[in-house]
Structures are given as C-alpha cells and as structure tokens.
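Predicted model only: the values in this text are computed from it and were never measured.
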Amino acid sequence: MDAAPFRAKLPYYYPFAFGDGQVTVLSDGPLELGDPSTNFLGVSAETVGDMLHQNFLPKDNVTLEQNVPLVEINGRTILFDTGMGTSKAFGPTTGRLLESFREAGRDPSEVDVIVLSHAHIDHTGGICDENGNLNFPNALIFISESDFVDWTDGSKLGSGFEFQVANARRNLLPHKDRIFFFQNGQEFVPGVQALHAPGHTLGHHCFLIQSGSDRLCFMGDLTHHHVLLMERPWMEFKYDTDPKLSAKSRTRVLDMLAHDRIQVMSYHFAWPGAGHIARVGDGFRYHPSAMQMLI
C-alpha cells in the first residue's frame with residue numbers, strides 16, 4: 001500500500017534572540033516571479049539559468065520569500081514591512097502575514113511601529129484590510145518622504161506601475177495622520193537607523209538595528225535573490241525604478257555589511273532570511289545563519 005503524500009502544514013514563523021530583545025520572522029508567503037530571464041536582466045538567459053542550476057534552484061521559475069521581521073527592542077514592538085495584503089498579483093500563496101501572527105501567538109494590536117523600506121505593494125499592501133481598516137491599529141508608520149510622494153502621486157513613474165500607485169494610495173493616504181518621515185542616517189526609533197539605498201525605488205532604505213552588542217541590517221529590497229544579485233550585484237532587476245543606481249547602492253551597502261560583519265535580514269531571501277554577507281571576487285556570497293531552535 002502506497003503511503004499518503006505528506007501534506008503537513010507547518011507554522012510560518014521563527015523567533016530568535018537579538019541583544020536584549022527578540023526578532024520573530026513572520027512570513028507573508030512565497031511570491032512567484034516566473035521566468036528568471038525576464039526578471040533578471042543585463043546578462044544572458046543562459047548565464048542566469050546556469051547560476052540557478054549550479055545552486056540547485058529551478059531554472060524556469062523564481063520564487064521569492066516574504067520575510068517580515070517583528071523586532072522587540074527598547075520597549076517597542078516594530079514591524080518591518082507588511083506584505084501583499086489581499087492582492088494576489090504575484091500568486092495565490094501571498095498575503096498570509098496575519099495568519100503567521102496568529103500561528104506565533106501574537107496579536108497585530110501589539111505593533112507600536114511599522115517601518116516601511118519602500119512603497120511597493122508587497123511591502124505596504126498589508127497595512128489595511130480590503131475595507132480600508134488598519135490591520136495594525138496602534139502602530140505609527142514610518143516611510144521616506146520621497147517614496148510616499150512618488151508612489152501616492154505617480155506622475156513621475158512610467159507606465160506599468162498603475163496597480164502599485166493604486167495600492168500606495170489605498171494603504172497610505174487615508175492614514176497620513178499617523179505617518180512620519182525619516183532622514184538618511186537618522187535614528188528615528190530607539191535602536192533603528194535609516195540607511196538610504198536608492199534605485200529599487202528612489203526613496204528605498206535599509207535599516208541598521210542595534211540592541212546591546214548585537215547588530216542587524218534589514219535590507220528590504222536591496223537585493224531580491226540570494227544567488228543572482230549577490231554573485232553578480234551589477235545584474236539588473238526588472239522592478240527597479242533605476243536599475244543602474246540600484247546596482248551601485250547594492251554593491252556599496254553589501255560591501256559595508258561584509259566588511260563590518262553585520263548580520264542581515266533579507267525580505268526576499270530563502271526562509272527565514274537571516275545570515276551574513278561575504279565578499280567573493282567581484283561579487284558576494286550569502287551565508288545563512290543557523291536557526292536557533294532552543295532559546
């Protein structure tokens with residue numbers, strides 16, 4: 001008799017100790033991009049396929065994770081980015097952030113602060129439910145002024161971004177009274193410093209987070225793939241506003257993180273997205289951190 005297929009549903013959260021506090025990575029679910037050669041540009045399709053094959057990854061479809069860190073430091077509960085919300089523009093497996101909250105035994109009302117790396121739909125789509133009500137009713141929202149203006153106005157953007165603009169308007173404009181802007185280099189929440197890394201959007205930021213002697217950089221969308229945009233950081237990505245500026249920011253920030261040996265959290269890397277960066281030749285290599293299962 002053949003065994004039944006394994007279909008266990010595992011909880012999609014992961015807590016680990018960080019300084020005097022804790023980080024809990026919550027998943028918004030995998031996001032499918034499709035054909036790698038149409039999304040990662042500036043090199044041949046054969047090169048992209050070979051890089052994926054050499055790293056035991058499928059050559060016909062790129063799937064990105066959506067790793068949302070819930071950081072508890074200095075008496076604050078801080079959520080970095082909010083996932084896709086109810087939109088299924090990038091596949092049916094997205095939009096599970098609130099389910100991940102429940103699996104972790106956490107309540108969205110605990111969140112004091114939402115920090116947005118930029119205004120794209122997979123980062124701001126979960127601020128509100130489908131009726132426009134706040135999913136995190138007690139949270140202040142921080143974003144760069146540049147991204148707020150660019151993506152709620154839309155006049156400076158090219159064609160093809162209409163659904164992104166509509167999302168930004170729906171999730172941000174009705175709640176402008178709780179939105180605050182940060183500046184590059186500013187420690188705008190105790191233990192959280194903004195680091196401007198433009199290109200993916202012009203207002204895109206990473207965030208340096210510190211608690212005690214521990215440091216962590218939430219990279220947002222500095223790099224979308226743990227192989228392609230690491231080994232060849234000058235490769236272009238389809239959804240970058242300015243691909244060449246994005247490559248310059250990527251190389252600059254990754255070089256700093258590698259030199260200073262700062263742990264990273266990536267929104268789109270393989271679950272749960274925590275690790276370190278090393279310089280290798282003209283590119284970089286991502287080294288996942290061992291998961292801390294007993295803390």
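In this structure, a donor-acceptor pair under 3.5 Å is absent between the side chains of Asn39 and Asp35. For the residue pair Asp221 / His204, no side-chain donor-acceptor distance below 3.5 Å is found, with atom types taken as modelled. Side-chain contact annotation: Asp28 with Thr94, donor-acceptor N/O pair under 3.5 Å absent. With no hydrogens or angles considered, a side-chain donor-acceptor pair links Glu65 and Tyr12 at under 3.5 Å.
Looking at Asn138 and Phe136, their side chains never come closer than 4.5 Å, going by heavy atoms from C-beta outward. Within the 4.5 Å cutoff, the side chain of Trp234 has no heavy atoms near those of the Thr251 side chain. Contact check for Ile73 versus Ile209: side-chain heavy atoms found under the 4.5 Å cut-off. The side-chain heavy atoms of Tyr267 and Met219, taken from C-beta on, include no pair separated by under 4.5 Å. At least one side-chain heavy atom of Phe101 sits less than 4.5 Å from a side-chain heavy atom of Val111. A 4.5 Å side-chain heavy-atom check between Leu98 and Pro108 finds at least one atom pair inside the cut-off.
No more than 12 heavy atoms of other residues, nucleotides or ligands sit less than 6.0 Å from atom CG of Asp282. More than 12 non-hydrogen atoms from other residues, nucleotides or ligands lie less than 6.0 angstrom from NE2 of His287. Surrounding CD of Glu130 are at most 12 heavy atoms belonging to other residues, nucleotides or ligands under 6.0 Å away. Within a 6.0 Å sphere centred on CD of Gln186, other residues, nucleotides and ligands contribute more than 12 heavy atoms.
Between Phe182 and Phe207, the gap from one ring centroid to the other is short of 6.0 Å.
Screening His225, His200, His123 for a ring pair (Phe, Tyr, Trp, His ring centres under 6.0 Å) with His268, the sole residue that qualifies is His123.
Qualifying ring-ring contact (aromatic ring centres under 6.0 Å, His included) partners for Phe18, counting only residues two or more places apart in sequence or in other chains: none. Scanning for side-chain contact (heavy atoms from CB on, under 4.5 Å) contacts around Pro198 gives His196, Leu245, Ser249, Arg252, with sequence neighbours left out. Taking the side-chain contact (heavy atoms from CB on, under 4.5 Å) definition, one finds that Thr63 meets it with Pro30, Glu32, Asn61, sequence neighbours left out.
Ile262 and Val115 are members of different hydrophobic clusters when ILVMFWY side chains are connected at heavy-atom separations under 4.5 Å. Note on Met265 and Tyr13: same hydrophobic cluster, where clusters join Ile, Leu, Val, Met, Phe, Trp and Tyr whose side-chain heavy atoms are under 4.5 Å apart, directly or indirectly.
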| query | Going through the distances and angles, do Arg285 and Glu231 end up as a salt bridge (Lys or Arg N to Asp or Glu O under 4.0 Å)? | reply | CA-CA 6 Å; Arg285 182 169 297 157; Glu231 292 183 5; 5.6 Å; no

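Cluster partners of Val165, using a side-chain heavy-atom cutoff of under 4.5 Å among ILVMFWY residues and allowing indirect links, are Trp151, Leu157, Phe161. Hydrophobic side-chain contacts under 4.5 Å tie Ile121 into a cluster, directly or through other members, with Leu31, Leu33, Phe40, Val43, Val48, Met51, Leu52, Leu57, Val62, Leu64, Met84, Phe90, Phe163, Val227, Leu228, Leu229, Met235, Phe237, Tyr239. Hydrophobic cluster membership for Phe56: none, as no Ile, Leu, Val, Met, Phe, Trp or Tyr side chain comes under 4.5 Å of it.
Using modelled atom types, no side-chain atom of Asn74 and backbone atom of Arg76 make a donor-acceptor pair closer than 3.5 Å.
One finds the CZ atom of Phe181 at 5.0 Å from the CZ atom of Phe148 (value rounded to the nearest 0.5 Å). Within the model, atoms CD of Gln66 and OG of Ser266 stand 11.5 Å from one another, a figure rounded to the nearest 0.5 Å.
Salt bridge status for Lys59 with Glu46: absent, with no side-chain N to carboxylate O gap under 4.0 Å.
Residues Leu70 and Leu26 approach most closely at CB-CD1, 4.0 Å, considering heavy atoms.
Using cut-offs of 30° and 60° for the angle between ring planes, the Tyr286 and Phe269 rings count as perpendicular.
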